[in-house]
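See structure below.
By convention here, the first residue in the shown sequence is residue 1. From a predicted model like this one, the values you see are computed outputs, not experimental measurements.
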Amino acid sequence: MIAIADYGAGNMASVGKALKFLGENPVVTSDSEEIKKADKVIVPGVGAFEDAMNRMNNLGLTEVLREYAASGRPIFGICLGLQLFFEESEESKNRVEGLGLLPGKLVKFPAKEGYKIPHMGWNSLKIKEGSKLFAGIPDESYVYFVHSYFLQAKNEGDVAATSEYIVPFHAAVESGNIFATQFHPEKSGEVGLKILKNFVEL
């Protein structure tokens, strides 16, 4: 069973729809026991880092997701989900602790003439050879992004794909059973569906 962790951050329905298209029957839930029983967990989301962590804490999901990741079962963060997997974000005025599944932080895109923030649109990926998440996906494939903050992973070995908008940035990570993408696979056409399928088949 695949659980989609619902912490009130939106985007659950579109991820669920994509998984159903692939023949899966995901459960969208904020129930800790349901998440603990799942074979795989997906943490999607759009919105602000601090608000999201506050909701997770209030729902009792913070420790549940940390324990799930520590169990060795596959967990996948999407967009805001990726950001929450790391330690902190510049978006928060006060230091707000993320899930801390991987070391790193989120940094705001610098202003640059001719570029809009948030970054919204299709960008190509430079894919790391041997990635499970990107198996069978050609290098320089295009995916869909919506974000104002980008990942600076502490460990280069955790980075599965990079992209560029104003500056080069880490677009996806893969470390053991932990997977995450800053872009939206559920909105990235056939490439995105293949990424979700690769996760489902782990």
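- When all heavy atoms of Tyr7 and Ala52 are compared, the pair lying nearest together is CE1-CB, 3.7 Å.
- Heavy atoms from other residues, nucleotides or ligands lying under 6.0 Å from NZ of Lys187 number more than 12.
- Annotation: side chain of Phe179 is in contact with side chain of Phe199 (closest heavy-atom distance under 4.5 Å).
- Note on Ile195 and Met12: same hydrophobic cluster, where clusters join Ile, Leu, Val, Met, Phe, Trp and Tyr whose side-chain heavy atoms are under 4.5 Å apart, directly or indirectly.
- Hydrophobic clustering, with ILVMFWY side chains joined whenever heavy atoms are under 4.5 angstrom apart, groups Ile2 together with Leu193.
- In this structure, Phe85 and Val173 have side chains that are not in contact, with every pair of non-hydrogen atoms separated by 4.5 Å or more.
- Between Ile166 and Ile117 there is a side-chain heavy-atom pair separated by less than 4.5 Å.
- Rounding to the nearest 0.5 Å gives a distance of 12.5 Å between CD of Glu190 and NZ of Lys197.
- Between the CZ atom of Phe49 and the OG atom of Ser148 there is a distance of 14.5 Å, given to the nearest 0.5 Å.
- The distance between the ring centers of Phe183 and Phe145 falls below 6.0 angstrom.
- Atom NE2 of His147 sits about 9.0 Å away from atom NE2 of His184, to the nearest 0.5 Å.
- Here the side chain of Ser163 pairs a donor or acceptor atom with the backbone of Ser124 at under 3.5 angstrom.
- In the hydrophobic clustering of this structure, Val46 does not group with Phe150; members are Ile, Leu, Val, Met, Phe, Trp, Tyr whose side-chain heavy atoms approach within less than 4.5 Å, directly or through other members.
- Counting heavy atoms from C-beta on, the side chains of Ile127 and Ile137 come closer than 4.5 Å.
- Listed here is the closest heavy atom pair of Tyr68 and Ala38: OH-O, 2.9 Å.
- Contact annotation: the side chain of Glu24 never approaches that of Leu196 to less than 4.5 Å [non-hydrogen atoms, C-beta and beyond].
- Under the 4.5 Å side-chain heavy-atom criterion for Ile, Leu, Val, Met, Phe, Trp and Tyr, Tyr115 and Met120 are members of distinct hydrophobic clusters.
- To the nearest 0.5 Å, atoms OG (Ser175) and CG (Leu102) are separated by 5.0 Å.
- Counting only heavy atoms from C-beta outward, the side chains of Lys132 and Glu174 approach each other to under 4.5 Å.
- A heavy-atom distance below 4.5 Å is not found between the side chains of Asn123 and Gln182.
- A salt bridge does not link Glu90 with Lys108: none of the charged nitrogens is closer than 4.0 Å to a carboxylate oxygen.
- For Phe76 against Pro185, the heavy-atom pair with the smallest separation is CZ-CG, 4.1 Å.
- More than 12 heavy atoms of other residues, nucleotides or ligands lie within 6.0 Å of CE in Met1, so this atom counts as buried by the packing criterion.
- The shortest heavy-atom contact between Gly157 and Lys128 is O-NZ, 2.9 Å.
- Linking ILVMFWY residues whenever their side-chain heavy atoms come closer than 4.5 Å, directly or via other members, leaves Leu202 and Val27 in distinct clusters.
- No donor-acceptor pair closer than 3.5 Å links the side chain of Asp6 to the backbone N or O of Val28.
- Of the possible donor and acceptor atoms, none in the side chain of Arg66 sits under 3.5 Å from a partner among the backbone N and O of Gly100.
- For the residue pair Gln83 / Ser89, no side-chain donor-acceptor distance below 3.5 Å is found, with atom types taken as modelled.
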Original post:
Thr181 and Leu133: side-chain contact (heavy atoms from CB on, under 4.5 Å), yes or no, with the steps?
Top reply: CA-CA 10 Å; Thr181 61; Leu133 203 57; 3.9 Å; yes

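- Taken from CD in Glu88 to CG in Leu106, the straight-line distance is 9.5 Å, to the nearest 0.5 Å.
- Here the side chains of Leu125 and Val191 are not in contact, with every heavy-atom distance at 4.5 Å or above.
- Around the OH atom of Tyr144, the shell of radius 6.0 Å holds more than 12 heavy atoms that belong to other residues, nucleotides or ligands.
- Here Asp158 contributes atom CG and Leu101 contributes atom CG; the two are 11.0 Å apart, rounded to the nearest 0.5 Å.
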**OP:** Give the intermediate values and the outcome of side-chain contact (heavy atoms from CB on, under 4.5 Å) for residues Leu99 and Val43.
**Re:** CA-CA 12 Å; Leu99 292 169; Val43 185; 5.6 Å; no

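- Between Asp139 and Lys126, at least one side-chain N (NZ, or NE/NH1/NH2) sits under 4.0 Å from a carboxylate O, which counts as a salt bridge.
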**OP:** Could you walk me through whether Glu186 and Asn11 pass the side-chain contact (heavy atoms from CB on, under 4.5 Å) test, one step at a time?
**Re:** CA-CA 9 Å; Glu186 77 283 3; Asn11 207 44; 2.7 Å; yes

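- Nearest heavy-atom pair, Ala160 versus Phe134, reported as atom, atom and distance to 0.1 Å: CB-CE1, 4.0 Å.
- For the pair Ala69 and Asn177, the tightest heavy-atom approach, listed with the atom from each and the gap, is O-ND2, 2.8 Å.
- The aromatic rings of Phe169 and His119 sit perpendicular to each other, their planes meeting at more than 60°, with 30° as the lower class boundary.
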